[in-house]
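Following: one structure in structure tokens, then a few remarks.
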Amino acid sequence: MRTVLNSYTDHYNRHRPHQSLHQRSPQATETGQTAPVIPFGGRVRRTQLLGGLINEYQQAA
């Protein structure tokens, strides 16, 4: 249970975009990072967490 909660907490604070924070994560807001912009038609990489219950998306190189 602790592993699941730690994974979700990490995702929520570091990766998940929040509408109230202008699509930034809480950690990005604290460090002053801007929201990542993925160009339309750009390649996206998906990372599955917790057996696919959570998906994180990042711009692929």
Would you say that Leu49 contacts Asn55 through its side chain, given a criterion of any heavy-atom pair below 4.5 Å between the two side chains?
no

Do Tyr12 and Tyr57 share a hydrophobic cluster (ILVMFWY, side-chain heavy atoms under 4.5 Å, transitive)?
no

How long is the gap from CD1 on Ile54 to OH on Tyr8, to the nearest 0.5 Å?
6.5 Å

Can you pull the salt bridge (Lys or Arg N to Asp or Glu O under 4.0 Å) pairs that have at least one residue in residues 5-14, sequence neighbours excluded?
Asp10-Arg14

Could you tell me whether the side chain of Glu56 reaches within less than 4.5 Å of the side chain of Arg46, counting heavy atoms only?
no

Would you compute the distance between atom NE2 of His11 and atom OG1 of Thr47 and round it to the nearest 0.5 angstrom?
11.0 Å

side-chain contact (heavy atoms from CB on, under 4.5 Å) against Arg2, all qualifying residues, sequence neighbours excluded:
Asn6

